[in-house]
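Step one of this worksheet: look at the structure below.
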Amino acid sequence: MGLKARMWILFILISIIHAGGILIFIKGFLLKRSVVLKNNTCHVDFTMKVDNHEEEGCWMHRRFQKAIVIIIDALRFDFAYYNTSIIKGQELPFENKLKIIHEKLIHSPQKSRLYRFIADPPTTTLQRLKGLTTGSLPTFVDAGSNFASSEITEDNIIDQLRRQQKSIVQMGDDTWEGLFPNRFIRSYPFPSFNVKDLHTVDNGIIKNLIPELKKSGWDMLIAHFLGVDHCGHRFGPYHPVMGEKLTQMNDVLRSVIKTMDNDTVLFVLGDHGMTRTGDHGGDSKDEVDAALFVYSPSKLTETVAPKLEDSPSVSQIDLVPTMSLLLGVPVPFSNLGMIIPELFDHGPWAQAGTSEVKQVFHKIKALRLNAHQVKEYLHAYSLISEDFPKHQYKDLNTLFSLSENELQRLIMNIYHNGEHEDLLSRLEKLETNYKSYLTNVRGMCQGIWAKFDTTSMSLGLFLTCFSIGITVFQLFHTNSQERFEVAFWTSTAVSGWSSAFVAVLWFSLMEAKTAIMLGTMFFGFSIILIVGFIIYKLMMARGSEQSSTPSLSGYFSIHGICAILITFMYFCGFFSNSYVVFEDSMSSFLLQSLLWIQSTFIYAQQCGTEPSKQISEKKRAKFDIFRTLTNRKMKPLYLALTFNLCVRLSMNFRACREEQWTCETSSFLLPLSSFTDSIPLKNARYFFSVIAIILPSIGLRWFLKHYGNLNGKSLLVLSTKYCIPIGMLFIALYWALQALPPQVLDSLPVTRLFPRIVYVANLITIVAVFVNPLSIYILPKATMESHYEPTAKISNNIIPQMYNQMKDSLNELSENEHKTTNGAETSDDVELPVVYGLATVYSSAMIIFTAAVTEILYLLLGDGVAASLSLALCNIFIGLEMYTCWKCWMKDTSWDVPWSVIVLWGLMSSQYFFATGHQATVPTIKWEAAFTGFHGDFESHILPGLLIHLNTFASEVLVSLTLPLILCWPLFRTSRYSIRKGSSDNWNEGADKGELVLIENSVQFQLCVFKLGLGYVLFHAVKLLGSMLAAAVLRRHLMVWKIFAPRFIFQSVSFITIYVVVIMSVGLMQHVHSHLGGWLNRLEKTK
Amino acid sequence: MAGTTLKSSSTGPALLLNVLNVLCIILFAYFTYTNFNILTFVEIYIIVSVIIQVLMLVSLFNVHPRKISNVMEGIICWIGSSLVFHTIAVLYGAPLFSSVSETFHLAMLLATTAALPGLMVLGIRKEEWTRLFFKTSPSSALEISILASGVCSVLGAWLGAFPIPLDWDRPWQVWPISCVIGTLAGYSCGLIFATCFILYQNMKGSKSKLF
Ligand SMILES: [Zn+2]
Ligand SMILES: [Zn+2]
């Protein structure tokens, strides 16, 4: 087993432990409610035996025969509410558009009601539909699975209706088809994923709705409109299109109401609201406040209508029991909602309209059935899980039985004595009792389903700490091969066992307590092993002192300590909600601070090393500002300034979190088509973005040409030469199309063609890198002679000879630098081919690969924020130059990358996550990235998922990809420095070999690349631990679901992404390495 | 200006200067505590501080502005360093167009605490600055104070930015008040630290460099 194989084993083992830690933590943190697979039937023992209503309903007499449910997705309360105080013509686009609701509320107050319809977060459509049909409370874990609609297995109103032989028609959003396959007698599904499409779903429904209403043979009709929601996502509520959309909805409602007969009830509801920007998913007031409008042509309630301004609030899960009992079907088994009592005080069959007592009694009957159903559910749930706090559960049962007894007594009373004076007040008290029972149950359940499994959480945390420990241990032992060998066996043994254990634990679903016990023992054992090993090492170190000291110096220098402090600050930031909210500012602040520390350090280092010259008085007196400013020693200062300028500019690309209330949305985040009133601004932004993406590609071309990597006709060179510019061209064209109005844009087929060309072009480049990553070129004999004068040296050892030649050629060609030959090869006394591009053979492959990936990222980020990625590239470049400067001035030839540079890279990836228009919240995920090049209708969710993922973590991908460049860059850059200086200052002996030194010292190369990758992963693992620990410690915090939980989830996904990308880039380095080795071997053979 | 003549001067005046500066800050903070306007506070502080320092330097150390051009250079450098601090603050994320005056006041304050003492004592020679700040080899008690107070006031301003995002809704969290407080606190800490260090050196009786 070679060194390389061992490294991969370690990489993979550590990743398994990390993944296990994350998964186990998530298991404990994002608890799922257990599903009780029981259904309520018509015949339950708690219905009143005296009430016999045969055909007319199940548990109680039904009020309506048919129901129409119109769901207007994202119908916020203030969309439906008519504000009479607004002067006509001054209303916002979403205000006062649903006039029909207002008319009905005014003209027939007892036939209509408008409620605030409070949604339980997460406010995503799928979760809401689950709540609206089952009456159960959601848990956080479902939030992410919005696209992976799965069939509802819990008891729900749709199945209850079907069991009562009622037929349901559904039209609109196809999510319903996924949730309830084969439940509807007729359905008209339309794709819901394509947010750009405002009209297909709505027009499809409108075409079918009225004909369907006029047909007979349905008992419930569900129409789910998506236009308002899509309009919100696309334009936000303040766009005139929203007004058009709501007016259209108004017309739909008007025509529906016209067709209704007396035995039909209409529910118009929004599943959630939307934020100022038109997004949803969180739990802000705007997202949670939906509207519910109930209407029937016949009398709905006896209660006097409340004032229009103070519409009462009901919870969304209250809809299920209300609808069930109104239609006379059993309430679904796991419902936790409470009926809306005022809709149950009117019973035409019982002539309840005449007496108040009868009205209240009718309400109590419904509430009682509701309470019984909830009690049954609690009982069934308590049998399968011990979630309920015993004390609270007992109290609730007492309250319930008290109410039951009181009801019995009252009924007996009425039976014997008839109605008497205090009957009404006693009944009203009873009603309050039932209501408080139902409300308390809901409160208790909300409490326990946010309860955490601390054992799993601690285990997850422990695993993360553990793998961080292994990483640190391994990092300290990777400075020489012998030390690595010894440490490897320990790490492998320990982490191998641990990961095996994680696998076992995961597959046994972690239910068994014994598995956790086993795990604890296992880890105890592993830790004893590690401690034992460390003690052993210390003992050994005492014997031979030199071997164990050198590795620490890179970590415990001043800048190293500063970097550790800054990492620690970032870590601590996760524990404060304010710092998580303003993490965008925090990350750039820390990034800039680290850079200042580094540049000061470099400058101080340089001042310290330079010999203190005795300056003459005359010279001292004269201060030449120009000479000071153009001094080469000022370079780190300028680099630092440019770096910070880039970071500062990138702040303009940040998105706003809801909690950042002073933040204003950047104009870079708006779609190009929304610049309707200012054409110059639109053009300016477009050309700015295009120039921003073209500049780096010009830089790339220049770089490759300069270092001779763009010669010949290999696949790699050709694809770099042609595919990348073609891709840029089509990105520019695609963005130009974005300026068109959306209606036009959607009908053009080229909108999908252009991005696809970009994808293909870059995939070709990526494949080319993998097929042959060597972008070197051996100059043919004929043309060679004009360039190169052969020397007559012949050597058995080919490589050193090559270096000599290369050095000579460099010296000769240093005047005409337009085509530098960085590699030369001699094999024969006659034929001496010149090899171009050998000095940058590793970095050119990395850079071409990065360029191809960056181009895809540009495309996915869209025309607004893509420019920010160019700033990131600029920062990476400056970081590399700065490090080169550092190495030159310290005359440092070791390949060990200092910890502070790794932290710099880590902070850059964090900073640009925010600077590419993202925040660690669900509503800021750019779902529209899934449509670059594709229709909305996907067969699988892998492709759109990948596109959205790449959009979200673009900065992590880019910055992590360039990580190995830290190792390569100084190798060929310092060579230029030392050659320019001449041979007098020969601190860097191998400098003229460029990157070829890497292949010469293969072991060192492997160790350094490994160490670099591991160190970078370590930084992010510390961040992961921070967010994890914060989520665990602050799990009772008010903001946990809003701030800490999403932060943790984003961090874990980003960590996994980074791990994968680091493995990819390290793999690519090794790929180049082995290819180069093969090439040299072949060369030697041909000789 | 005379950097070399200082080496012969005693530690006493330097200590006195430090103590006076710290006292000045404390008294100043005490009197303006009730009526807090950050801009006037900074302006008045800068004037008072400059006067005290110039007077002290002239009377105690016999540093006298020999040529008017040197004074002019010093002032230009002071303004220049304010601009540099302003630029750095903007690069760190201070608003570019709004609250320019507030940012510039902080920059002036930083220039007064971190750069002005150095300008008065070291002049504008790069070598001297490099020696003091990058090679950290102060040659007199005064230079120790300059080094410590300069570094600490920049550090204080940096730390002063930390409370800004917190959701405590305090008036002093507004930009740049916390940074101004941080600067002054850092400056005082640096002076106190320098004083202690000088006293410690004296107590140890190491009469090598400082006397
Ligand atoms: Zn929705
Ligand atoms: Zn939506």
Side-chain angles (χ1 to χ4, degrees), chain A residues 569 572-573 576-586 588-593 595-597 600-610 612-615 619-625 627-629 631 633-634 637 640-649 651-652 654 659-662 1039, chain B residues 1-4 66-67 69-70 72-74 76-77 80 83-85 87-99 119 122-137 147 150-151 154-155 157-170 173-175 179:
Chain A
M569 281 176 186
C572 292
S576 153
N577 55 338
S578 313
Y579 281 126
V580 176
V581 168
F582 288 97
E583 197 189 331
D584 46 3
S585 308
M586 182 179 81
S588 54
F589 184 84
L590 293 180
L591 174 64
Q592 287 175 320
S593 304
L595 199 89
W596 280 120
I597 291 168
T600 316
F601 173 81
I602 298 171
Y603 191 74
Q605 198 72 31
Q606 179 253 327
C607 292
T609 49
E610 83 176 356
S612 42
K613 293 173 267 187
Q614 219 32 51
I615 313 147
K619 201 178 171 190
R620 184 183 283 189
K622 202 165 185 206
F623 174 70
D624 187 354
I625 193 150
R627 267 188 52 190
T628 313
L629 289 181
N631 195 329
K633 282 158 195 159
M634 298 295 273
L637 179 74
L641 276 173
T642 327
F643 188 95
N644 285 350
L645 187 68
C646 288
V647 174
R648 181 69 177 83
L649 289 176
M651 288 178 194
N652 296 320
R654 282 180 190 160
E659 294 89 349
Q660 298 175 337
W661 49 274
T662 49
M1039 300 283 201
Chain B
M1 295 185 202
T4 44
R66 274 181 294 195
K67 285 180 192 169
S69 69
N70 276 10
M72 281 307 290
E73 266 179 3
I76 289 168
C77 282
L83 286 175
V84 168
F85 280 121
T87 315
I88 291 175
V90 169
L91 285 180
Y92 261 104
L96 181 60
F97 297 114
S98 58
S99 59
L119 282 173
L122 301 175
I124 49 167
R125 288 187 310 278
K126 203 186 115 208
E127 296 80 28
E128 292 285 303
W129 281 83
T130 310
R131 175 180 59 79
L132 184 57
F133 282 94
F134 292 106
K135 293 185 187 169
T136 53
S137 55
L147 176 64
V151 170
V154 171
L155 205 66
W158 185 73
L159 285 173
F162 280 82
I164 294 175
L166 292 172
D167 56 355
W168 297 342
D169 289 327
R170 294 299 148 91
Q173 282 180 292
V174 178
W175 168 256
C179 287

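Every chain is numbered from 1, with letters handed out A, B, ... down the list of sequences. Predicted model, so just to flag it, every value in this text is computed and none were measured.
Annotation: the span from Phe162(B) atom CZ to Ser576(A) atom OG amounts to 12.0 Å, rounded to 0.5 Å. Taking CZ from Arg648(A) and CG from Leu96(B), the interatomic distance works out to 6.5 Å, rounded to the nearest 0.5 Å. Here Leu595(A) contributes atom CG and Leu91(B) contributes atom CG; the two are 11.0 Å apart, rounded to the nearest 0.5 Å.
By the 30° and 60° cut-offs, the orientation of the rings of Tyr92(B) relative to Phe589(A) is tilted.
Contacts between Met569(A) and chain B at a heavy-atom distance below 4.5 Å involve the side chain alone, from C-beta outward. Residue contact with chain A, scored on non-hydrogen atoms closer than 4.5 Å, involves the side chain of Ile88(B) exclusively. Heavy atoms closer than 4.5 Å to chain B are found in both the backbone and the side chain of Leu641(A).
Residues satisfying the ring pair (Phe, Tyr, Trp, His ring centres under 6.0 Å) criterion with Phe601(A), sequence neighbours excluded, are His559(A), Trp886(A). Tyr579(A) pairs by the side chain to side chain donor-acceptor pair (under 3.5 Å) definition with nothing, not counting sequence neighbours.
The two atoms that bring Ser578(A) and Pro165(B) nearest to each other are CB-O, 3.4 Å, heavy atoms only.
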